[in-house]
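So the structure is just underneath, and the comments pick up after that.
One is the number of the first residue; the rest follow in order along the sequence. As the structure lists them, so they are numbered: ligands from 1, and atoms in each ligand from 1.
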Amino acid sequence: MAIEIIATGRAIPPRRVTNDDLAARIDTTDEWIRSHTGIGARHIAEADVAASDLALEAANNALSLAIERGAVTEKSIEELALTIDLIVLGTTTQDYYGCPATACIVQDKLGAYNAGAMDITVACSSFVYGLEAAAGLLTVSPERKRALVIGAETLSRIADWNDRSICVLFGDGAGAVLIEKTGAPAVGPGRRGLVRSVLGADGSGAQALIVRRGGGRNPLSAGEILDRAPGIEMDGQAVYRFAVAAVTGTIEKLLLYEGITISDIDRIVPHQANARIVQAAGKRLGINEEKFYLNIEEYANTSSASIPIALDELNRAEKLRRGDVVMTVGFGAGLTYGGNLIIW
Ligand code: UT7
């Protein structure tokens with residue numbers, strides 16, 4: 001029995017904001033943003049689009065692809081949606097504060113009436129955690145066969161557009177994968193699917209990347225006048241150091257636990273927060289930069305959506321072939337980190 005990714009999808013808001021667009025209104029330059037992060041543009045959702053809308057579009061696209069490529073026997077999205085047993089949705093920008101889970105809104109709009117639905121909120125590591133959680137929940141129950149794992153964000157809503165150290169970094173978008181419990185072997189020759197994951201956290205760094213206002217610790221009060229909207233606060237350099245160590249350590253652990261070397265890996269799909277983080281980790285481990293898939297130039301940091309968006313781009317471009325060994329590596333607020341090893 002294997003847990004395989006049988007289809008992927010993504011949703012990218014059409015409105016594209018370049019570095020030069022930002023430089024026209026705040027004190028920054030295309031040169032600074034590119035040289036410090038590798039970012040060239042970001043896509044921003046319209047005001048009436050929430051994370052669940054992007055998640056729904058990405059999920060629909062994944063289901064369409066599954067039908068188109070003959071990965072399922074169902075012939076329509078409606079029919080296929082009814083076979084989904086679980087929706088796990090990673091997001092830092094839920095439609096509603098606290099409840100309901102954004103996954104439940106997607107479950108209803110998708111017509112996945114037989115699915116359980118829950119959110120995962122470990123920021124940029126949410127997809128990595130979500131894939132492992134969904135795979136585990138399929139594995140333990142004979143009744144569950146299919147799950148959607150989604151990462152969806154409207155980070156533009158929690159970025160301070162007057163703070164150049166924050167707003168240049170983030171973008172909106174969603175990615176989704178449809179996973180299925182199949183009869184393929186999970187071990188030995190010809191094995192496929194999610195082979196293993198590493199999940200980690202270091203809560204001592206919780207303050208380094210935080211949305212401080214609005215939660216139970218610092219609730220918003222009736223009548224309070226806010227001088228700025230609750231948004232992301234970040235100690236960039238502390239997070240940078242953590243991120244390089246997290247990417248390096250996660251890759252090393254996955255290789256060690258699996259008893260393989262970097263030459264056995266065909267693709268590494270890292271969380272897209274800063275190209276320099278990936279380059280620094282690659283240099284430390286002596287990994288050729290081309291092994292890493294980077295699309296940060298176009299989308300900036302889309303948090304939990306960045307890895308599934310990248311997987312969908314690779315999958316649709318047929319740059320992932322059956323049998324390829326793919327590693328995901330995520331890191332983010334919490335602080336959290338982790339990675340998945342997948343045989344495509
Ligand atoms: O997915 C969540 C995880 N988040 C991350 O992984 C982010 C990790 N951190 C980083 O990627 C980097 O720390 C940043 C890209 C956020 C910042 O790069 P940095 O090289 O660490 O810059 P810095 O914060 O040390 O700032 C250097 C200078 C400062 O000016 P002074 O004080 O030296 O005069 C900043 O004010 O750059 C200035 N600066 C900018 N200048 C132009 C900061 N942001 C900008 C900007 N444009 N957008």
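- Ligand-side atoms of ligand 1 in range of V168: 48 (N), range being under 4.0 angstrom from any heavy atom.
- Using cut-offs of 30° and 60° on the angle between ring planes, the pair F331 and H271 is perpendicular.
- A salt bridge links R322 with E4; the closest basic N to acidic carboxylate O contact falls under 4.0 Å.
- In terms of protein heavy-atom proximity, atom 14 (C) of ligand 1 is nearest to N274 ND2, 4.6 Å.
- Atom CD of E224 is surrounded by more than 12 heavy atoms from other residues, nucleotides or ligands within 6.0 Å.
- Not one N or O of F170 is nearer than 3.5 Å to an N or O of ligand 1, by distance alone.
- A salt bridge links D27 with R164; the closest basic N to acidic carboxylate O contact falls under 4.0 Å.
- Counting the atoms of ligand 1 from 1 in the order shown, those under 4.0 Å from a heavy atom of I277 are 6 (O).
- Closer than 4.0 Å to atom 33 (O) of ligand 1 lies none of the heavy atoms of the protein.
- Protein heavy atom nearest atom 36 (O) of ligand 1, with residue, atom name and distance: R164 NH2, 2.9 Å.
- At least one protein heavy atom sits closer than 4.0 Å to atom 3 (C) of ligand 1.
- For the 3.5 Å distance criterion, the side chains of Q272 and N301 fail to qualify, holding no donor opposite an acceptor.
- The ligand atoms of ligand 1 that sit less than 4.0 angstrom from a heavy atom of T37 are 15 (C).
- For atom 22 (O) of ligand 1, the closest heavy atom belonging to the protein is W32 CZ2, 3.9 Å.
- Salt-bridge check for D53 with K109: passed, with a basic side-chain N closer than 4.0 Å to an acidic carboxylate O.
- Ligand 1 places these atoms under 4.0 Å from at least one heavy atom of M234: 4 (N), 7 (C), 16 (C).
- Residue contact check: V239 has heavy atoms under 4.0 Å from atoms 3 (C), 4 (N), 5 (C), 6 (O), 8 (C) of ligand 1.
- Rounded to the nearest 0.5 angstrom, Y299 OH and R10 CZ are separated by 4.5 Å.
- The ligand atoms of ligand 1 that sit less than 4.0 angstrom from a heavy atom of N301 are 1 (O), 2 (C).
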